[in-house]
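Just so we're on the same page: letters track the sequence lines, and every chain starts at 1. In what follows, every heavy atom counts, from backbone to side chain, and hydrogens, waters and symmetry copies are set aside.
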Amino acid sequence: MPELPEVEVVRSGLDRYLPGRRIAQVFVLHPRAIRKHLAGPIDFQNRLVGREIAAVRRRGKYLWFEFEDDQILIGHLGMSGQFLLVPKDTEDEKHLRLRFVFSDWSTELRFVDQRTFGGMSLDEIGDEQDTKIPASLAHIALDPFHPDFQAAAVARRLRARKTEIKRLLLDQSLVSGIGNIYADESLWRAKIHPRRLASTLTIRQLMHLLEQARVVMSEALAAGGTSFDDLYVNVNGESGYFERGLAAYGRRGEPCPRCGRAIQREAFMNRSSHFCASCQRAPRTG
DNA sequence: AGGGCAACCTGGGGGC
DNA sequence: TGCCCCCAGGTTGCCC
């Protein structure tokens, strides 16, 4: 569920409350929530207790907690993950996976995740130039919100690939942060069919597409993200309201806001693509 | 090397 | 009620 705008809403909520807080206790309630931390739950707990959070950062759909040394705690929401800041005496959520208790604070941090595709792991800062990014996230490309994001360079990389443009938008090693919702919305805005081969587009068209991705995601961020149900909420449990801003995603059969023809849904990579067959012309086949 | 697909999970909704 | 199938904001690993 959560793509860049939703993860950024969560990150900013965490970063508003957590810097300066010291972890007093860590509870691992489901082992899958830390499956990428290979050293296991005891090591996970031992290495966190006593640490003070310095900042909460993000690249693409990953966020991470920085401490005062090179240790980093990475989090990914997967399809259904939530970070919630709640009073300690709040009843446990059904899918509560991790609990963080802080020194001298009546609020605790909870990681709740119905489908368990998300999780947390401990890592160290990598050596990538001056940017403090966890070593295990080195393969994650810059996202369109990053000040160093270079649309022209990314466009050249996209054009060099011999596959459909939507696959590439979803490839987090080329451009990060875009998922199924914002891929469909960006393609709709740029009037490009999702199955169009990237190599048939011009650099100018690809740069325009990347710009549409940045714009639609910043509009979504301003609206608090897209929430179809209560699986996506901010750290206070509130939904975002960008669903009303979506033109194509999840709108099969509804009129295209631009031309009025019905939005199509098509199976794609075990999921789906939504587009306007009139505004986004299908590539020739065969 | 790069492309394509199944697997990892839980739960909601629709059809019968 | 119940069962079965399909669907869902993502990533990974394995095959070719």
Side-chain angles (χ1 to χ4, degrees), chain A residues 1-11 29-38 58-63 74-83 93-97 111-121 134 136-141 143 157-187 194-199 213 216-217 219-221 223-234 239-246 248-253 265-274:
Chain A
M1 92 63 292
E3 306 178 31
L4 189 156
E6 292 76 30
V7 178
E8 175 58 22
V9 168
V10 172
R11 185 210 64 78
L29 290 88
H30 194 303
R32 246 182 88 78
I34 57 157
R35 65 192 179 284
K36 288 182 182 173
H37 184 72
L38 303 176
R58 180 191 59 74
R59 178 178 288 191
K61 302 171 196 169
Y62 287 86
L63 54 79
I74 303 174
H76 195 286
L77 301 177
M79 292 282 266
S80 55
Q82 307 174 344
F83 283 107
E93 293 77 7
K94 182 175 182 187
H95 302 292
L96 178 62
R97 309 305 189 195
F111 181 65
V112 176
D113 188 11
Q114 177 197 103
R115 293 177 70 184
T116 70
F117 287 173
M120 303 191 80
S121 58
S136 59
L137 300 187
H139 65 295
I140 302 298
D143 60 65
R157 251 170 273 148
L158 296 177
R159 211 171 105 85
R161 295 291 214 91
K162 223 180 154 101
T163 191
E164 296 154 347
I165 184 61
K166 183 170 170 184
R167 287 179 182 280
L168 300 181
L169 286 182
L170 296 173
D171 184 338
Q172 304 297 300
S173 71
L174 294 169
V175 50
S176 70
I178 302 172
N180 212 29
I181 295 177
Y182 301 110
D184 282 359
E185 293 301 308
S186 308
L187 290 163
R195 303 202 84 102
R196 189 73 187 270
L197 294 182
S199 54
V216 70
M217 290 195 293
E219 290 175 13
L221 173 60
T226 299
S227 302
F228 297 114
D229 49 39
D230 57 11
L231 283 187
Y232 165 71
V233 291
N234 68 13
S239 292
Y241 52 89
F242 192 66
E243 187 190 0
R244 68 190 65 170
L246 301 178
Y249 185 86
R251 299 219 179 280
R252 167 165 46 170
R265 178 192 173 279
E266 185 179 290
F268 178 81
M269 289 173 78
N270 264 351
R271 30 214 318 212
S272 56
S273 287
H274 303 80

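When the nearest nucleotides of DNA chain B are assigned to R167(A) and R97(A) by heavy-atom distance, the more 5′-ward of the two goes with R167(A). Positionally, the nearest nucleotide of DNA chain B for R161(A) lies more toward the 5' end than for the other of R161(A) and R115(A).
For the pair D171(A) CG and dT11(C) P, the computed distance is 10 Å after rounding to whole Å. The distance between atom OH of Y249(A) and atom C1' of dC7(C), rounded to the nearest whole Å, is 9 Å. In this structure, the NZ atom of K36(A) is 8 Å from the P atom of dT11(C), given to the nearest Å. One can place CG of L231(A) at 18 Å from P of dC7(C), the figure rounded to the nearest angstrom. Following rounding to the nearest Å, I178(A) (CD1) and dG10(C) (P) show an atom-to-atom distance of 11 Å. Per the geometry, CG belonging to L137(A) stands 17 Å off P belonging to dG10(C), to the nearest Å.
With dT10(B), dA8(C), dC8(B) as the candidates, the nucleotide lying closest to the side chain of H95(A) is dT10(B).
Judged by centroid separation below 5.5 Å and plane tilt below 30°, F117(A) stacks onto the base of dC8(B).
Judged by distance alone, the side chain of R97(A) and the main-chain N or O of Q114(A) form a donor-acceptor pair under 3.5 Å.
Partner assigned to dT1(C) is none, using Watson-Crick or G-U wobble distances below 3.5 angstrom.
Across all strands shown, S227(A) has heavy atoms under 4.0 Å from base atoms, whether or not it also approaches the sugar-phosphate.
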